[in-house]
Amino acid sequence: MILSEKFYSDNNVISVGKKLLGKTLCTSFEGILTSGIITETEAYAGETDRASHAYGGRRTARTGIMYRVGGTAYVYLCYGIHSLFNVVTSPEGIPHAILIRSIKPVDGIEAMALRANKAIISEKQGTGPGNVSRLLGIHYRHSGLLLCSNHELHPLEDAIWIEDRGILVPEDRIESGPRIGVDYAREDALLPYRFKVKNGTL
DNA sequence: CGGCCGATCCACT
DNA sequence: GTGGATCGGCCGA
């Protein structure tokens with residue numbers, strides 16, 4: 001089942017960050033389907049979160065994407081090399097977003113191996129936000145794509161979406177901790193907004 | 001328009 | 001554990 005706008009429009013970014021664990025992130029580019037189960041996320045809590053690109057109400061051509069309706073893809077370039085994939089959550093006008101940090105590869109393993117320039121794909125290849133995008137073929141040009149438009153009507157159209165395939169990650173299997181690489185965020189750097197499945201086991 | 005730097009990864013030691 | 005790769009976005013002049 002493809003997650004709907006209702007799932008993403010939840011104003012509680014922490015709760016959505018946790019609920020995304022165990023869901024399956026899918027892409028279809030040029031007719032090639034690849035997917036992976038989300039095993040790690042980070043929540044970015046809008047204008048009051050010093051770690052967020054929207055901190056203080058900063059709204060530019062790039063970060064303006066985060067103010068769109070929940071279920072919009074926010075992808076941006078990091079360190080000049082990596083496209084990092086986020087999904088906007090909350091209603092339109094509130095710039096909450098979840099960064100997808102790790103996946104367990106599922107569909108299209110061969111295509112992923114090709115993209116990663118590896119002979120085989122192990123679970124390790126899906127670790128790290130830059131790698132997630134690399135395996136799934138996500139590029140910052142995809143920023144602004146809607147994740148819940150009905151792509152099934154256009155199977156050959158490029159699309160990103162998230163599915164619920166019935167994998168349940170109970171609260172006691174979720175480990176929370178501080179986010180990565182946000183030391184500049186001062187007191188907010190310590191907030192436990194990073195969520196991962198314990199031992200990476202699903 | 002110039003300069004700085006980032007929600008990172010990987011090869012190498 | 002460390003440093004190089006690599007470039008768009010943003011800010012200040």
Side-chain angles (χ1 to χ4, degrees), chain A residues 8 13-18 20-21 23 25 27 34 36 38-68 70-90 94-105 112-145 147 160 162 174-197 200:
Chain A
Y8 298 111
V13 71
I14 309 300
S15 149
V16 183
K18 291 180 181 175
L20 279 171
L21 295 174
K23 301 294 190 288
L25 176 58
T27 65
T34 49
I38 297 168
T39 55
E40 186 179 351
T41 63
E42 275 178 7
Y44 286 85
E47 298 183 338
T48 57
D49 180 356
R50 301 189 95 100
S52 169
H53 291 167
Y55 175 64
R58 189 153 44 91
R59 192 168 178 165
T60 64
R62 179 182 64 144
T63 63
I65 301 287
M66 278 196 285
Y67 287 83
R68 294 196 191 172
T72 302
Y74 172 55
V75 190
Y76 73 94
L77 184 69
C78 191
Y79 295 100
I81 302 177
H82 307 284
S83 285
L84 303 204
F85 173 80
N86 304 248
V87 56
V88 175
T89 68
S90 77
I94 300 177
H96 290 174
I98 311 285
L99 170 69
I100 307 300
R101 290 194 60 85
S102 295
I103 58 168
K104 176 183 174 185
M112 292 192 208
L114 213 59
R115 284 169 181 162
N117 204 17
K118 301 272 187 216
I120 52 161
I121 287 292
S122 64
E123 280 195 29
K124 206 174 181 177
Q125 303 300 326
T127 306
N131 290 327
V132 168
S133 293
R134 176 141 82 133
L135 293 187
L136 297 177
I138 297 171
H139 185 269
Y140 58 83
R141 78 172 137 275
H142 298 122
S143 200
L145 266 188
L147 273 56
I160 307 174
I162 302 178
I174 300 176
E175 188 181 334
S176 301
R179 292 169 292 186
I180 304 293
V182 295
D183 303 338
Y184 60 87
R186 298 168 44 171
E187 67 271 22
D188 290 344
L190 296 174
L191 294 171
Y193 284 2
R194 177 187 182 207
F195 314 109
K196 59 192 296 189
V197 181

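Here is how names work: the chains are called A, B, and so on, in the same order as the sequence lines, proteins then strands, and each is numbered from 1.
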Engineer: Between the protein and nucleotides 7-10 of chain C, list the N/O to N/O atom pairs that are separated by less than 3.5 angstrom.
Structural biologist:
from   : atom 1 : to    : atom 2 : distance (Å)
C:dC7  : O4'    : A:G80 : O      : 3.4
C:dG9  : O3'    : A:R62 : NE     : 3.2
C:dC10 : OP1    : A:T60 : OG1    : 2.5
C:dC10 : OP1    : A:R62 : NE     : 3.2
C:dC10 : OP2    : A:T60 : OG1    : 3.0

Engineer: Take atom CD1 of A:I180 and atom P of B:dA7, then tell me their distance rounded to the nearest Å.
Structural biologist: 13 Å
Engineer: Please determine if a side-chain N or O atom of A:N131 lies less than 4.0 Å away from the OP1 or OP2 oxygen of B:dC10.
Structural biologist: yes
Engineer: So, the side chain of A:R50 versus the backbone of A:A189: is there a donor-acceptor pair under 3.5 Å, distance only?
Structural biologist: no
Engineer: Relative to the 5' end of DNA chain B, which residue comes earlier, A:V182 or A:Q125, by the nucleotide with the nearest heavy atom?
Structural biologist: A:V182
Engineer: Atom CZ of A:R59 and atom CD1 of A:I65: how far apart are they, to the nearest 0.5 Å?
Structural biologist: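 Atom-to-atom, A:R59:CZ and A:I65:CD1 are 10.5 Å apart.
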Engineer: Are more than 12 heavy atoms from other residues, nucleotides or ligands located less than 6.0 Å from atom OH of A:Y8?
Structural biologist: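 More than 12 within 6.0 Å, yes.
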Engineer: How many whole angstroms separate atom CZ of A:R115 from atom P of B:dC9?
Structural biologist: 17 Å
Engineer: Starting at CD of A:E40, measure out to OG1 of A:T127 and round the result to the nearest 0.5 Å.
Structural biologist: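 The distance works out to 7.5 Å.
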Engineer: Hey, what do you get for CG (A:L114) to CD1 (A:I121), rounding to the nearest 0.5 Å?
Structural biologist: 9.5 Å
Engineer: Pick one: which of A:L84, A:L145, A:T34, A:V75 meets side-chain contact (heavy atoms from CB on, under 4.5 Å) with A:I138?
Structural biologist: A:V75
Engineer: Compute both the distance and the angle, then confirm whether A:R68 meets the cation-pi test with A:Y74: under 6.0 Å from the six-membered ring centre, within 45 degrees of the axis.
Structural biologist: no
Engineer: Verify the contact: side-chain N or O of A:R134 to OP1 or OP2 of B:dT8, cut-off strictly under 4.0 Å; return yes or no.
Structural biologist: no
Engineer: To the nearest 0.5 angstrom, please state how far the CG atom of A:D183 sits from the CG atom of A:D188.
Structural biologist: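 The CG atom of A:D183 sits 12.5 Å away from the CG atom of A:D188.
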Engineer: Round to a whole Å and report the spacing from CD1 of A:I100 to C1' of B:dA7.
Structural biologist: 13 Å
Engineer: If B:dA7 has a Watson-Crick or G-U wobble mate with both distances under 3.5 Å, name it; if not, just say none.
Structural biologist: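 The answer is none; no pair meets the criterion.
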Engineer: Between atom CG in A:L84 and atom P in B:dC5, what is the gap in whole Å?
Structural biologist: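 In whole Å, B:dC5 P and A:L84 CG are 19 Å from each other.
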Engineer: Compare side-chain N and O positions of A:H82 against OP1 and OP2 of B:dA7 and report whether any pair is under 4.0 Å apart.
Structural biologist: no
Engineer: Would you please say whether a donor-acceptor pair under 3.5 Å links the side chains of A:S102 and A:T39?
Structural biologist: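 No, no side-chain donor-acceptor pair sits under 3.5 Å.
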Engineer: For A:D183 and B:dT8, give me the distance from atom CG to atom C1', rounded to whole Å.
Structural biologist: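 It is 13 Å, rounded to the nearest whole Å.
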Engineer: Please enumerate all protein N or O atoms sitting under 3.5 Å from an N or O of nucleotides 11-13 of chain B, with distances to 0.1 Å.
Structural biologist:
none

